[in-house]
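Input: a single structure, listed below in structure tokens.
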Amino acid sequence: QVQLVESGGGLVQAGGSLRLSCAASGHTFSYYTMGWFRQAPGKEREFVAAISWSANNAYYADSVKGRFTASRDNAKNTVYLQMNSLKPEDTAVYYCAAGYTGSYYYTMSEYDYWGQGTQVTVSS
């Protein structure tokens, strides 16, 4: 019903910036909460950010708050994650996800659809 494709990952030096995109196809995209998660080698997948269907609310993990900004353009069926002041510990595969979430927007089980991931590597 919904397909998600991430792009925009790459290699960047510490302190630099990247913008990730998540292009969605399928019906009722506008009404999904969109989430961003990441997974570093040997670690559990963790919540990064989420944005409500109306784009009126966005939520961030403490580790990225103040550095990352989530946004969405429903007309383009695309969600973005602007990442500034990147640190080596931000290195991970980043995934976007879609779902009708409630209060647990930070929980993977709340999301029904997932992208394939895009690699972000931050060098020191």
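The figures here come from the full heavy-atom set of this structure, side chains too, leaving out hydrogens, waters and symmetry mates. A quick note: this is a predicted structure, and the numbers were derived from the prediction, not measured.
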Within-4.5 Å side-chain heavy-atom neighbours: Glu6 and Ser21:
no
Side chain to side chain, Arg19 and Met83, heavy atoms closer than 4.5 Å
no
Shortest non-hydrogen contact between Tyr113 and Val2, atoms and distance
CD2-O, 3.4 Å
Would you say Tyr100 and Thr33 make side-chain contact, with heavy atoms under 4.5 Å?
no
Please report the closest heavy-atom contact between Ser52 and Arg72, naming both atoms and the distance.
O-NH1, 2.9 Å
Under the 3.5 angstrom rule, does the side chain of Gln3 hit a backbone N or O of Ala24 as a donor-acceptor pair?
no
Yes or no on side chain to side chain contact (heavy atoms under 4.5 Å, CB included) for Leu86 and Phe68, after CA distance, side-chain angles and deciding distance?
CA-CA 9 Å; Leu86 283 162; Phe68 291 10; 3.8 Å; yes
For Tyr80 and Asp73, run side chain to side chain contact (heavy atoms under 4.5 Å, CB included): C-alpha distance rounded to whole Å, both residues' side-chain angles, the deciding distance at 0.1 Å, then the answer.
CA-CA 8 Å; Tyr80 306 95; Asp73 186 340; 4.2 Å; yes
Can a donor-acceptor pair be found between the side chains of Asn84 and Ser17 at a distance below 3.5 Å?
yes
Suppose the criterion is side-chain hydrogen bond (donor to acceptor under 3.5 Å, both in side chains): which pairs have a residue in residues 103-112, not counting sequence neighbours?
none
Please tell me whether Val12 and Val64 are part of a single hydrophobic cluster in this structure, the criterion being side-chain heavy atoms less than 4.5 Å apart.
yes
Min side-chain heavy-atom separation Leu18-Val120 under 4.5 Å
yes
Show the atom names and distances, to 0.1 Å, of all donor-acceptor pairs under 3.5 Å that link a side chain in residues 90-99 to residues at least two apart or in another chain.
unit_1 : atom_1 : unit_2 : atom_2 : d
Asp90  : OD1    : Arg38  : NH1    : 2.9
Asp90  : OD1    : Arg67  : NH2    : 3.0
Asp90  : OD2    : Arg67  : NH1    : 2.7
Asp90  : OD2    : Arg67  : NH2    : 3.4
Asp90  : OD2    : Lys87  : N      : 2.8
Thr91  : OG1    : Pro88  : O      : 2.9
Thr91  : OG1    : Val122 : N      : 2.9
Thr91  : OG1    : Val122 : O      : 3.4
Tyr94  : OH     : Arg38  : NH1    : 2.9
Tyr94  : OH     : Asp90  : O      : 2.7

The reported gap from CE in Met34 to OG in Ser71 (rounded to nearest 0.5 angstrom) is 11.5 Å
Would you say that Phe47 contacts Tyr60 through its side chain, given a criterion of any heavy-atom pair below 4.5 Å between the two side chains?
no
For Arg45 and Met108, indicate whether the former's side chain and the latter's backbone hold a donor-acceptor pair under 3.5 Å.
no
Check Ala49 against Leu81 and note the closest heavy-atom contact, atom names and distance.
CB-CD1, 4.1 Å
Working for side chain to side chain contact (heavy atoms under 4.5 Å, CB included), residues Val79 and Trp36
CA-CA 9 Å; Val79 179; Trp36 288 96; 3.5 Å; yes
Could you check whether any side-chain heavy atom of Leu4 comes within less than 4.5 Å of a side-chain heavy atom of Trp114, counting everything from C-beta outward?
no
Report yes if some heavy atom in the side chain of Thr118 is under 4.5 Å from a heavy atom in the side chain of Leu20; otherwise report no.
yes
